There are 2 protein chains.
Amino acid sequence: MKKGLTKICHRFFTNLANPTRLAALEQLMDKPMSVNELATALGQEQSMISHNLKPLLQCNLITIQKQGKKHIYTVNQETLSPIFEAIQNHAQKFCPTGGKCLKGEN
Amino acid sequence: MKKGLTKICHRFFTNLANPTRLAALEQLMDKPMSVNELATALGQEQSMISHNLKPLLQCNLITIQKQGKKHIYTVNQETLSPIFEAIQNHAQKFCPTGGKCLKGEN
DNA sequence: ACTTTATATGAATAAATATTCATATGAATT
DNA sequence: AATTCATATGAATATTTATTCATATAAAGT
């Protein structure tokens, strides 16, 4: 790791270390969506989705595109695809039971 | 993202979303170290280092090797190198000021 | 201009996580 | 077997982060 990257990594990982935001990203990996579409898809309140999209947007992990009153969010696949792929590889190799290392399960 | 990876990703990112653990990993990227070496290098208490190494170990982001009373920790570079690299790329491309998207700076 | 629809924001509370300090374990040395 | 050195653990407190609910903004349609 490049010296001094700790700070930006912290912000980055903190941003991703949240089940609501991860679920939103999972949806957005499939296709761009508006806030309400996400709220419906995830069964969450609209304000919760908005609150959680904000830091993702600030870190450019998603982009926004305003179509009238609808705000369409798109995932930054360039950044996130390789990272999710790396985690998948890690899980496959180092978490063979598919979650042996998960909280409450060891 | 593969459906259902949210849970394991959450655990993974939560683990990394901590300045002490990131600083420890940064040290370990350089070379394997004992707990006390890490504590000294980071200017932190030994118990704090131990507490923070534990979840990294559980998720196999580091490995342990016991040499007598010393416990030498080694970073899992196979997993972490590509991830840190991806973040570096992201930062270079999307955070051109080197932290415009950092907390308290926007 | 008023109403509706879509999203964002603020502030309070709730929940999760980190940090500290005291102490326990465990290996090596005398 | 007592002491020292190295690490781990437990439990309390402190800190951070998430969630909720009420409300604000802002675009579009009537």
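Computed over heavy atoms, backbone and side chain alike; hydrogens, waters and symmetry mates excluded. Remember, predicted model here, so these are calculated numbers, not experimental data.
Nucleotide C:dA16 holds its C1' atom 19 Å from the CZ atom of B:F13, rounded to whole Å. Rounded to whole Å, atom C1' of C:dT19 lies 15 Å from atom CG of B:L42. Residue B:E45 contributes atom CD, which lies 11 Å from atom C1' of C:dA22 at whole-angstrom precision. In this structure, the CD atom of B:Q44 is 16 Å from the C1' atom of D:dT7, given to the nearest Å. Rounded to an integer number of Å, the gap from NE2 of B:H10 to C1' of C:dT17 is 11 Å. Protein atom CG of A:N52 is 13 Å distant from nucleotide atom P of D:dT17, rounded to whole Å. Per the geometry, NZ belonging to B:K54 stands 13 Å off C1' belonging to C:dT25, to the nearest Å. Between the CZ atom of A:R11 and the C1' atom of D:dT17 there is a distance of 13 Å, given to the nearest Å.
Map A:A17 and A:Q67 each onto its nearest nucleotide of DNA chain D; the residue landing nearer the 5' end is A:A17.
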With sugar-phosphate taken as primed atoms, P, OP1 and OP2 and all else as base, the protein-contact string of nucleotides 3-8 of chain C at under 4.0 Å (heavy atoms; B, S, -) is --BSBB
Please table the atom pairs, donor to acceptor, closer than 3.5 Å between any side-chain atom in residues 35-42 of chain B and protein atoms at least two apart or in another chain.
| unit_1 | atom_1 | unit_2 | atom_2 | d |
| --- | --- | --- | --- | --- |
| B:E37 | OE1 | B:S34 | N | 2.9 |
| B:E37 | OE1 | B:S34 | OG | 3.3 |
| B:T40 | OG1 | B:N36 | O | 3.0 |

Acceptor/donor pairs from residues 64-73 of chain B side chains to any protein atom, 3.5 angstrom cut, sequence neighbours excluded:
none

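Residues B:H90 and A:L61 are in side-chain contact: their nearest non-hydrogen atoms beyond the backbone lie under 4.5 Å apart.
Take B:A86 and apply the side-chain contact (heavy atoms from CB on, under 4.5 Å) test, not counting sequence neighbours, and it matches A:I83. Remark: B:E78 pairs with A:K93 by the salt bridge (charged side-chain N to carboxylate O under 4.0 Å, His left out) rule, at least two apart or across chains. Not counting sequence neighbours, the partners of B:T63 by the side-chain contact (heavy atoms from CB on, under 4.5 Å) test are B:T74.
Taking the 5.5 Å centre cut-off and the 30° plane limit, the aromatic side chain of A:H51 is classed as stacked on C:dT9.
At least one side-chain nitrogen or oxygen of B:N18 sits closer than 4.0 Å to the OP1 or OP2 atom of C:dT19.
A donor-acceptor pair shorter than 3.5 Å cannot be found between the side chains of B:S81 and B:E85.
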